[in-house]
Colleague: 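Below is a structure I'd like to ask you about.
Numbered from 1 within each chain, the chains take letters A, B, ... in sequence-line order. The basis for the numbers below is simple: all heavy atoms, side chains too, and nothing from hydrogens, waters or symmetry mates.
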Protein chains: 2
Amino acid sequence: MAKSARKYLDAADREQQILEFAIDFVAQRGLRFTTRELADALGVSQPLLYRYFKNRDDLLQKIYDEVYLKRWDPAWNAQLADRSLSIRDRLVRYLTAYTEAILDERWIRIFIASALEDPQITKKYLGLLHETTFPLIFAEVAAEAGVAAPTGHQADELAIEIVWGFHSSFFYMGVRKYIYRNTIPDDLDLIIRARVDVFVSGLVESMPRLEGHIANAGAGR
Amino acid sequence: MAKSARKYLDAADREQQILEFAIDFVAQRGLRFTTRELADALGVSQPLLYRYFKNRDDLLQKIYDEVYLKRWDPAWNAQLADRSLSIRDRLVRYLTAYTEAILDERWIRIFIASALEDPQITKKYLGLLHETTFPLIFAEVAAEAGVAAPTGHQADELAIEIVWGFHSSFFYMGVRKYIYRNTIPDDLDLIIRARVDVFVSGLVESMPRLEGHIANAGAGR
DNA sequence: TCCAGAAATTATCAACTGATAAATTATCAC
DNA sequence: GTGATAATTTATCAGTTGATAATTTCTGGA
């Protein structure tokens, strides 16, 4: 008998089915859903949820785990550091993989909704970017420019900040598409290449002036 | 008698007090608050809310109106177009005013929460950026580069996209601070100048290559 | 075929929630 | 002071909600 035609699923299958369905459901409805609404949409009785999930929060926690799990490939950082390709090509390759992973309705909406509810949930993921990937990208562009990156705490902060601005623009495309419900261009590859070009050109050229910006900090106000 | 010591406020004052309090409250708690929680926090009875607001949704609508109202200064676009200053200076001036308006906990959190709930709410505001400000910024940088901006539908889209990436990085600082609860550098002026520098330098330099990106679209896949 | 055990549903509860009506309390003009 | 009026609270309700217990239905092996 095909599993899909069964009325009584194996416990493991049913749990997986509920979880997958709940991810789509919560992505659409946000965190204000009720357990009855979820059960009705899935076509099972509401108490059945409590056979597989201790309570509503337990279900949400498992949703977060499932959505964030395995969306981050540790190989990305190694590839970014691989100087056999130009920094432009490396950034294009990384951003192609990164956007493929995160420009997903469920991922974007659940990420934002969960962060709004409790920033702790997304902290680990964001820490990975902030502590590892961003310093790496800045350092690699600095190497491309043939300039020593400016040093000091304020310079480090500014460097991270510049990369944040660049990097977040791709995540933000997901926000525009799946939260604002705007249309975004469908040729993502074109946009990645154009933005990488603007970013690398700009950072290479302005890198020598960064020290100056720091020195002038606060002077103009 | 000072109004703050009164027990029975004038209707207009009470309505304003509830609305202001509710804005802070909803910014913190999100849209899952109950009318009792709001009333308790404010120190009034729950039915009192219904004297001033028809129902829960009516209160939310008035919150949105109050938060989004007058956060957008129509003079900004005119200033961006005023070529008596360099494009860098104009962008710095604009972004200083813009960030001052929107890097506010209530604004950021209610903007995101309401967009997540119903994208219609933020549509008008975002349309203003997309239709008016972004094309203007791109055109002004093109003029700075002394290059005719590339033409055609795809070029327009790409141009808007590049500016989206730049512009959104400032809004996104608010997301980082008030939603992710990350620390962001306190010297905003420094960041604005550095990012404007990277952006203008990069766009001026890569502008002549944009046509090439478009021509190559899809070729590399 | 039949039944033991697992899977799912029905029935139910206490607490919560948005909303309304009735009763109470403060304010102010006279 | 006093009473008319507006502001606020208390009491209350019907529908909802998360969760549990009791009951029923299905599945697969002997």
Side-chain angles (χ1 to χ4, degrees), chain A residues 1-26 28-65 110 113-114 117-118 121, chain B residues 1-26 28-65 110 113-114 117-118 121:
Chain A
M1 196 181 205
K3 272 182 178 170
S4 57
R6 289 171 57 100
K7 276 190 160 178
Y8 284 29
L9 299 186
D10 283 352
D13 291 343
R14 180 69 86 185
E15 178 171 352
Q16 194 59 29
Q17 183 208 29
I18 294 176
L19 193 54
E20 302 256 330
F21 188 91
I23 287 171
D24 280 320
F25 188 81
V26 171
Q28 297 300 330
R29 304 282 313 265
L31 298 177
R32 298 181 69 197
F33 75 98
T34 70
T35 56
R36 269 181 188 77
E37 289 169 341
L38 170 60
D40 285 353
L42 180 51
V44 299
S45 68
Q46 178 250 357
L48 187 63
L49 303 178
Y50 290 84
R51 181 177 177 82
Y52 299 101
F53 304 95
K54 233 178 64 195
N55 50 44
R56 189 178 179 280
D57 274 349
D58 181 47
L59 170 61
L60 279 176
Q61 193 54 56
K62 295 216 164 81
I63 287 175
Y64 299 145
D65 289 348
I110 291 179
S114 66
E117 187 87 355
D118 176 7
I121 299 167
Chain B
M1 197 183 203
K3 272 181 179 172
S4 58
R6 290 171 58 101
K7 275 189 159 181
Y8 284 30
L9 299 187
D10 283 353
D13 291 343
R14 180 68 87 184
E15 178 171 352
Q16 193 60 28
Q17 181 208 30
I18 294 176
L19 192 55
E20 302 254 330
F21 189 90
I23 287 172
D24 280 320
F25 189 79
V26 172
Q28 298 299 330
R29 303 281 314 267
L31 299 178
R32 297 183 69 198
F33 74 98
T34 70
T35 56
R36 269 180 188 76
E37 288 170 341
L38 170 59
D40 285 352
L42 180 51
V44 299
S45 69
Q46 179 251 358
L48 188 63
L49 303 179
Y50 290 82
R51 182 178 178 80
Y52 298 101
F53 304 94
K54 230 177 65 194
N55 51 42
R56 189 177 179 281
D57 274 348
D58 180 48
L59 171 61
L60 280 175
Q61 195 53 57
K62 294 217 166 80
I63 287 174
Y64 300 145
D65 289 348
I110 290 179
S114 66
E117 187 87 355
D118 176 8
I121 299 167

Colleague: Side-chain N or O of A:Tyr8 versus OP1/OP2 of C:dA8: is the shortest distance under 4.0 Å?
Modeller: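 Answer no for this pair, as no side-chain N or O of A:Tyr8 is under 4.0 Å from OP1 or OP2.
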Colleague: Compare the minimum distances between each of D:dT9, C:dA8, D:dG18 and the side chain of A:Tyr52, then state the nucleotide with the smallest one.
Modeller: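 Of D:dT9, C:dA8, D:dG18, C:dA8 is nearest to the side chain of A:Tyr52.
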Colleague: Let me confirm one number: the CZ-CD distance from A:Phe53 to A:Glu15, rounded to the nearest 0.5 Å.
Modeller: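 A:Phe53 CZ to A:Glu15 CD: 5.0 Å, rounded to 0.5 Å.
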Colleague: Return the value, rounded to whole Å, for the distance between atom CG of A:Asp10 and atom C1' of D:dC26.
Modeller: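 It is 12 Å, rounded to the nearest whole Å.
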Colleague: Starting at CG of A:Asp13 and ending at P of D:dT27, how long is that distance when rounded to a whole Å?
Modeller: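 Going from A:Asp13 (CG) to D:dT27 (P), I get 13 Å.
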Colleague: Which whole-number value in Å describes the distance from B:Asp40 CG to D:dT9 P?
Modeller: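 After rounding, the reported distance stands at 11 Å.
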Colleague: Just how far, in rounded Å, is C1' of C:dG18 from CG of B:Leu31?
Modeller: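 Computing the B:Leu31:CG to C:dG18:C1' distance gives 16 Å.
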Colleague: Base, sugar-phosphate, or nothing: which does A:Arg36 touch, judged by heavy atoms less than 4.0 Å apart?
Modeller: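 Base, at least one base heavy atom under 4.0 Å.
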Colleague: Considering only D:dG18, D:dT10, D:dA7, which nucleotide approaches the side chain of A:Thr35 most closely?
Modeller: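 So the side chain of A:Thr35 is nearest to D:dG18.
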Colleague: Which nucleotide, C:dA19, D:dT25, D:dG18, lies nearest any side-chain atom of A:Gln46?
Modeller: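 Ranking C:dA19, D:dT25, D:dG18 by closest atom to the A:Gln46 side chain puts D:dG18 first.
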Colleague: Would you confirm whether B:Asn55, through its side chain, and B:Asp58, through its main-chain N or O, come within 3.5 Å as a donor-acceptor pair?
Modeller: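 Here the side-chain-to-backbone pair exists.
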Colleague: A:Tyr50 side chain: which of D:dG18, D:dT10, C:dT9 is closest?
Modeller: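 Comparing D:dG18, D:dT10, C:dT9 against the side chain of A:Tyr50, the answer is D:dG18.
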Colleague: When the distance from CG of B:Asp57 to C1' of C:dT17 is rounded to whole Å, what number comes out?
Modeller: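 Answer to the nearest Å: 14 Å.
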Colleague: What are the two closest heavy atoms between B:Leu38 and B:Leu49, and how far apart are they?
Modeller: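 Reported closest heavy-atom pair: CD2-CD1, 4.1 Å.
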Colleague: Rounded to the nearest Å, what distance is computed from the CZ atom of residue A:Arg6 to the P atom of nucleotide C:dA8?
Modeller: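 Answer to the nearest Å: 8 Å.
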Colleague: Which is true for A:Thr34 with a 4.0 Å heavy-atom rule: it touches a base, it touches only sugar-phosphate, or it touches nothing?
Modeller: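 Here A:Thr34 touches the backbone only, sparing every base.
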Colleague: Please work out if B:Arg51 contacts a base, only the sugar-phosphate, or nothing of the nucleic acid, heavy-atom cut-off 4.0 Å.
Modeller: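 Result for B:Arg51 = base.
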Colleague: Nearest-Å distance, CG (A:Leu49) to P (C:dA7)?
Modeller: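 One finds 15 Å between P of C:dA7 and CG of A:Leu49, rounded.
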Colleague: Checking side-chain contact (heavy atoms from CB on, under 4.5 Å) for the pair A:Arg56/A:Thr34: CA distance, chi angles, key distance, verdict?
Modeller: CA-CA 9 Å; A:Arg56 189 178 179 280; A:Thr34 70; over 6 Å; no
Colleague: Are any of A:Arg56's side-chain N or O atoms less than 4.0 Å away from OP1 or OP2 of D:dA19?
Modeller: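 No, A:Arg56 has no side-chain N/O under 4.0 Å of OP1/OP2 on D:dA19.
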Colleague: In terms of the nearest nucleotide of DNA chain D, which residue is placed more toward the 5' end: A:Asn55 or B:Leu48?
Modeller: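 Going by which nucleotide is closer to the 5' end, it is B:Leu48.
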